[in-house]
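A short worksheet on the structure shown next.
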Amino acid sequence: MEVIDVPSYFLCPISLQIMKDPVTLPTGITYDRESIEKWLISGKNSTCPVTKQDISDCDLTPNHTLRRLIQSWCMLNASHGIERIPTPKPPVNRAEIAKLLNSAKSPQQQIKCLRELRSISGENNTNKRCMEAAGVVDFLASVVNNFSSYPSLEESSDENFDQTARLVDDALSILHSLQISESGLKSLVHKNGDIIQSLTKVMQRGSYESRAYAVLLLKSMLEVADPMELIGLRPEVFVETVQVLRDQISLQASKAALQLLINACPWGRNRNKAIGANAVWILIDLLMDSSEKRVGEMLLNVIDLLCQCAEGRAELLRHGAGLAIVSKKILRISPVASDKAVRVLLSISKFSATPSVLQEMLQIGVVSKLCLVLLLESNRKTKEKTREVLKLHARVWKNSSCIPKNLLCSYPA
């Protein structure tokens, strides 16, 4: 097979692939549009990869001359299997987006508008950035907010409910695809004060797809929210988040729900709200069947957060398999998961260690597992926590026949 020499100036400096849509930055360097947009948006970079100059909020200028040269070269080498690169569709501009949004007055016009917005957002990342800058995020948020004003389908025979639900499905799908910037997410919270409540209503009454998109968007918003906004979350947010976990809509939705709880539960008030939503029991049940590493780590992380208050520890102990499942996951998932599980056991040992709890920990093998951690675990901090648990109740546990003789040698003095 004949090797074709590709002119070096046809190659994108980032991907080293032939450029399909060459664009030039203010720094004078030309890149393929897809590669530089991925660098700027997905990688959250703000400098030119070659010159390292600041290029935040820069315009990408199409390099038509280079594109035509590349297309001509492709045609000349067609006999060698080189396919001609098609002329890219020009990015949308703000005026076009504004005109489209202004036309969406009635529900039927909104359906058409959302259809076009979905198509535009799927073309390239430049369109997504332009849509965000043109106010599309606020428009989509208003569509979602309209959903909360409708009663549930069971309570109403309103024939517009299904249509509104379909609009919300489309709006949330587009919001998810836009990959909204951090500043855009913050603006979404501040400008649309009801959006969190509306997303909660969608999680409660929407389709499975809408519920998944709602929890994904809510998770992203809370990652950039101020502490006071996190503390002020309503109990129903936790009720619906836990319900998403219970229903196992999708792996992505479950991870988003867990991350939401991880972000919200360092604050004591939110721990109580999550516990009141039966989170501890659901988390333990999910941990029992979890086989995915990251999910297991996140489940134990949330359980650890909830067990930092008395109500959370009481719920763990009230669950018949709580202690056993947490202990079982030690040394089975990852060092991170083992550390979180040991932290849970340390909380129980410090603050909830009644005689019956100590006996249960001995009989179901928790103490033996902790001795095994001292033999096998390489993480120093995990070992220190394990040693602290065993020392706390050495008088009760150390001389028990429940601990295998081969593990007694590892019991701390």
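These numbers were taken from a predicted model, which means no experiment stands behind them. Index from 1, following the sequence.
- Look at Arg318 and Glu315 and you find a salt bridge, because one of the NZ, NE, NH1 or NH2 atoms lies within 4.0 Å of a carboxylate O, short of that distance.
- Taken from NZ in Lys385 to CZ in Arg380, the straight-line distance is 9.5 Å, to the nearest 0.5 Å.
- Here the side chain of Asn263 pairs a donor or acceptor atom with the backbone of Gln259 at under 3.5 angstrom.
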Side chain to side chain donor-acceptor pair (under 3.5 Å), that's the test. Do Thr87 and Gln71 meet it? Break it down for me.
CA-CA 8 Å; Thr87 301; Gln71 289 176 328; 3.2 Å; yes
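- Contact record, Ile195 with Val189: CG2-CA, 4.4 Å, taken as the closest heavy-atom pair.
- Side-chain atoms of Lys128 come within 3.5 Å of backbone atoms of Ser177 as a donor-acceptor pair (strictly under, hydrogens ignored).
- Leu261 CG to Leu222 CG: the interatomic distance, rounded to the nearest 0.5 Å, is 10.0 Å.
- Arg313 places a side-chain N or O within donor-acceptor distance of the main-chain N or O of Cys307, the cut-off being under 3.5 Å.
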side-chain contact (heavy atoms from CB on, under 4.5 Å) between Met19 and Ile85, intermediate numbers included:
CA-CA 9 Å; Met19 290 184 276; Ile85 294 172; over 6 Å; no
What pairs of donor and acceptor atoms, side-chain ones from residues 231-240 against any protein atom, are under 3.5 angstrom apart with sequence neighbours left out?
{"from": "Arg234", "atom 1": "NH1", "to": "Gln197", "atom 2": "OE1", "distance (Å)": "3.4"}

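- The main-chain N or O of Thr200 is never found under 3.5 Å from a side-chain atom of Gln204 such that the two would form a donor-acceptor pair.
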Assess whether salt bridge (charged side-chain N to carboxylate O under 4.0 Å, His left out) is satisfied between Glu384 and Lys381, documenting all intermediate values.
CA-CA 5 Å; Glu384 288 175 358; Lys381 290 186 177 180; over 6 Å; no
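- Ion pair Glu34/Lys38 not flagged as a salt bridge, since none of the NZ, NE, NH1 or NH2 atoms sits closer than 4.0 Å to an Asp/Glu carboxylate oxygen.
- Between Glu96 atom CD and Asn93 atom CG the span is 4.0 Å, to the nearest 0.5 Å.
- Panel note: side chain Tyr213, backbone His176; no donor-acceptor pair is recorded below 3.5 Å.
- The structure places CE of Met288 at 12.0 Å from CG of Leu283, a figure rounded to the nearest 0.5 Å.
- The side chain to side chain contact (heavy atoms under 4.5 Å, CB included) with Leu345 is formed by just one residue from the set Val367, Leu370, Val373; it is Leu370.
- Annotation: side chain of Leu172 is in contact with side chain of Leu199 (closest heavy-atom distance under 4.5 Å).
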List, one per line, each side-chain donor-acceptor pair under 3.5 Å for residues 321-328, sequence neighbours excluded.
none

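- Between Asn125 and Arg129 there is no side-chain heavy-atom pair separated by less than 4.5 Å.
- At a threshold of 4.5 Å between non-hydrogen side-chain atoms, the residues Val295 and Leu299 count as touching.
- Judged by distance alone, the side chains of Asn145 and Ser198 do bring a donor and an acceptor atom under 3.5 Å apart.
- Side-chain contact between Ser349 and Met361 is present, with heavy atoms from C-beta onward closer than 4.5 Å.
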Begin from the C-alpha positions of Leu101 and Leu117 and carry the test side-chain contact (heavy atoms from CB on, under 4.5 Å) through to its verdict.
CA-CA 9 Å; Leu101 297 182; Leu117 289 175; 4.1 Å; yes
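- Counting heavy atoms from C-beta outward, Leu114 and Leu140 have side chains that approach closer than 4.5 Å.
- In the model, Glu132 has a side-chain atom that pairs as donor or acceptor with a side-chain atom of Ser181 under 3.5 Å.
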Residue pair Arg211, Gln243: steps toward the side-chain contact (heavy atoms from CB on, under 4.5 Å) verdict:
CA-CA 10 Å; Arg211 292 172 67 200; Gln243 190 62 45; 3.7 Å; yes
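- Between Val302 and Leu258 the shortest heavy-atom distance is CG2-O, 3.8 Å.
- Between Pro22 and Ile70 the shortest heavy-atom distance is CG-CD1, 4.5 Å.
- Counting only distance, with no hydrogens or angles, the side chain of Asn270 and the backbone of Ala264 share a donor-acceptor pair below 3.5 Å.
- Between Pro62 and Arg33, the shortest heavy-atom contact is CG-NH2, 3.9 Å.
- With a 4.5 Å cut-off on side-chain heavy atoms, Ile303 and Val280 do not count as touching.
- When the side-chain hydrogen bond (donor to acceptor under 3.5 Å, both in side chains) test is applied to Asp226, no partner is found at least two apart in sequence or on another chain.
- Electrostatic pairing of Asp170 and Arg118 counts as a salt bridge here, judged by a charged N lying under 4.0 Å from a carboxylate O.
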The test is side-chain contact (heavy atoms from CB on, under 4.5 Å); show your working for Arg68 and His64 and say whether it passes.
CA-CA 6 Å; Arg68 293 189 188 103; His64 297 299; 3.7 Å; yes
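- A donor-acceptor contact shorter than 3.5 Å is absent between the side chain of Asn127 and the backbone of Glu123.
- When the side-chain hydrogen bond (donor to acceptor under 3.5 Å, both in side chains) test is applied to Ser254, the partners found at least two apart in sequence or on another chain are Gln248.
- The side-chain heavy atoms of Ile282 and Leu286, taken from C-beta on, include a pair separated by under 4.5 Å.
- Judged by distance alone, with hydrogens and angles left aside, the side-chain atoms of Asp32 form a donor-acceptor pair with the main-chain N or O of Asp21 at under 3.5 Å.
- Closest approach of Ile14 and Ser35 over heavy atoms only: CD1-O, 4.0 Å.
- Met298 contributes atom CE, which lies 11.5 Å from atom NZ of Lys340 (distance to the nearest 0.5 angstrom).
- Residues in residues 387-409 take part in these side chain to side chain donor-acceptor pair (under 3.5 Å) pairs, two or more places apart or across chains: Lys350-Glu388.
- Take Pro7 and apply the side-chain contact (heavy atoms from CB on, under 4.5 Å) test, not counting sequence neighbours, and it matches Tyr9, Phe10, Trp73.
- Residues Asp339 and Thr382 have side chains that bring a donor and an acceptor to within less than 3.5 angstrom of each other.
- Salt-bridge annotation for Glu292 and Lys255: present, with a side-chain N of the basic residue lying under 4.0 Å from a carboxylate O of the acidic one.
- The side chain to side chain contact (heavy atoms under 4.5 Å, CB included) with Leu188 is formed by just one residue from the set Val224, Val137, Ile196; it is Val137.
- In this structure a side-chain-to-backbone donor-acceptor pair under 3.5 Å is missing from Gln359 to Ser356.
- With contacts defined as side-chain heavy-atom distances shorter than 4.5 Å, the pair Val366/Ile330 does not qualify.
- For Glu297 and Arg294, the salt-bridge test passes: some basic side-chain N is under 4.0 Å from an acidic carboxylate O.
- Expressed to the nearest 0.5 Å, how far CD1 of Ile36 lies from OG of Ser15 amounts to 10.5 Å.
- The backbone N or O of Thr24 lies less than 3.5 Å from no partner atom in the side chain of Asn63, so there is not a single donor-acceptor pair.
- Of all heavy-atom pairs spanning Leu306 and Cys265, the tightest one is CD2-SG, 3.9 Å.
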